[in-house]
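Atoms within a ligand are numbered from 1 in the order they appear, just like the ligands themselves. Because the structure is a prediction, the values reported are computed rather than measured.
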Amino acid sequence: MTVFHLRAAGVSLVLDTRGDAASITHWGTDLGELDPPDGLFTPAVPPSSIDVPLRLSLLPSLVEGWSGRPAIESGHGLRTVEAHQHEQTAVIRSASPDATQEVVTELELTGQGVLRVRHRFTNRGHDEFVLPNLDVLLPIPAEASELLDFTGLWSHERSPQRAPLRHGIWSRESRHGRPGHDDAFLMVAGTPGFGFRTGRVWAVHLAWSGDKRIWAERSALGYSVLGAGELTAPGEIRLTPGESYETPWLVAVFSDAGLDGLSDRLHPWIRATSELRRPRPVVLNTWEAVYFNHDLTVLGQLADAAAEVGVERFVLDDGWFTGRRDDRRALGDWFVDDTVWPRGLHPLISRVHAHGMEFGLWVEPEMISPDSRLATAHPDWILDSGPTWRWQRSLDLTRAYDHLLERLTALLTEYPIAFLKWDHNRDLLTPGVAHRQTRALYRLLAALKQAFPHVEIESCASGGARIDLGILPLVDRFWTSDTNDPLDRQSIQRWTGVLIPPEYLGGHLGAGTAHVTGRTSALGFRLATALFGSAGIEWNLTAASPAEKADIAAWIAEHKRLRPLLHSGRVVRADSPDPAHLLHGVVAQDRTHAVYALVTLGTPAAALPPPIRFPGLDPDRSYTVRPIGVPPRTMQDAPPPWLAAGEITLPGRVLTELGLPAPLLTPEQALLLELS
Ligand code: DGJ
């Protein structure tokens, strides 16, 4: 056995397979060519400890002396029995001394420097084996002593929280049957004070849409780790002889250039591996326009208004199926309601198509209303027995699988549907079923993708409660949050976008007064906030004034012009000295073109705002900076002269280091700047 060294895009992973158990001895900065002398990876032996050097194995456990949280609570030490490397992938086979337990670990370093690790456990014994939790652990250096992860609630997803990493565990668990609004999302450990542009950071995400745990641990033994795995209930994973369980992929990224450096690896990797159709169509979603009040005349007028401003996809949200007049009933009865839609959805779809728009439909297949025909016919398909949640229950996908596939296939066959908004509006509160439910969901999505490759699917879960890299290969869009309030959206999109490229993140222009918060925002701020992602509208456009519609049409035209840049460029975010100011943008990969948004969230800390310093530009190239979009509201006796002049041309180095004097935007405004 030997030392494996995977290297890509400035990242090294060193795997020492020479001892009893393979061990990751480095994950971080590229170490260059490496011919490690014997003993380089062997630490000293401290007093009052085991009498051999403690090395953290790939599957750290108690028997080897690791008293932190183990990778597997099996009681046996697992020894490496086989190891090989092929290009950027290393495969390590470990087995228990009695050979009844086998774990094959795959480690892959992608060309973008993203590390993926997973284990496959196989029961090699003669009896059923009840698998305890099986997790992936990665060592991080002691300098990574500050943590960032996320929490949240409905309409307030991806709220960042920071804490020092002290001795002990900071562990986040998701027990919702979906990642949840409070999903930890990313566990980031970095050098103290790391920001978007500075600091060395190590981060992990678990590519899984069900229950999971993710943690950081600093042990008094002298090691720190990041870990994650599916969270299974005792007895949930039972393996017959020969049967295997595979963990979800742990996706791990290192950057020495702060959080933007993480996105700089994750976004290109996701883009290179996904089959997302481009350009992303501009959407109109009917939810906040009409809610359950489905009426062909009203929706037809909405489709006309959508087409008039340049919308490309019209999505009919909740309320179209038999008996669904409110949120208290009918989930499961996936037949078009013939009292509301006597001629089916055809007249509406024809009108949508006549305008050259695509048609999309909302569904929530994993759910069942107790008050539904499906519940009467199949009461045994209902999973939860505790309280209802939004008056609904979870449907056992393993039992209802064929039925759902038949219903969705029938709808997609009868109607020319280009897009499904796939919702999921309650937690699964039944212990021990989340694993099979999540696997069945993946199977169902994959079957539909295969049968209807042209149909795009959006992962929505009461907004952004199911945004993860497990479901991403099966979907084309995420509904980022149920709030269309631009003030909340600025933060939700900024943080969700550390992991997910903007073209996947639905962001809609809502009504002047946001339905969720009741806050009223200027049209320009709402438009600038919804410009960068997969853009859309969620507003009764028929009630918009001619002036508003003109602004919206101009915004859609601008989005269409800019989306090749917005949906392929590098996402950059400045570290602002004043939390009332945000600056974010997208810079073309060749750095010839960029768009930034300067955003005021609240009242600034000083009379003069900090200068606008543009991250990510080519220092040696000249850029002309011009404002675009609806001009923001300002409160100033005189604007900065460059802005009054309409443009300025300067070298990238000056724009990044010195910056431009900022105008005095009032709170909740955004100034869009295009650099070319
Ligand atoms: C929750 C979603 O997040 C909303 O956008 C909307 O589709 C409703 N469900 C419909 O019930």
Heavy-atom closest pair (Ser263 atom, Val498 atom, distance to 0.1 Å) is OG-O, 2.8 Å
Cation-pi between Arg373 and Phe335: NZ/CZ under 6.0 Å from ring centre and within 45° of the ring axis?
-> no
Mind checking side-chain contact (heavy atoms from CB on, under 4.5 Å) for Asp326 and listing every partner two or more places apart, or none if nothing turns up?
-> Arg328, Arg329
With sequence neighbours left out, what residues match Glu458 under side-chain contact (heavy atoms from CB on, under 4.5 Å)?
-> Phe419, Lys421, Arg477, Trp479
Residues 289-307 vs salt bridge (Lys or Arg N to Asp or Glu O under 4.0 Å), sequence neighbours excluded, gives Asp304-Arg351
Can you name the nearest heavy-atom pair linking Ala228 to Leu250, along with the distance?
-> CB-CD1, 3.4 Å
The answer, listing residues by chain and number that come under 4.0 Å of ligand 1 through any heavy atom, is Trp287, Asp317, Asp318, Trp362, Arg390, Lys421, Asp423, Asn425, Cys460, Ser462, Gly463, Trp479, Asp482
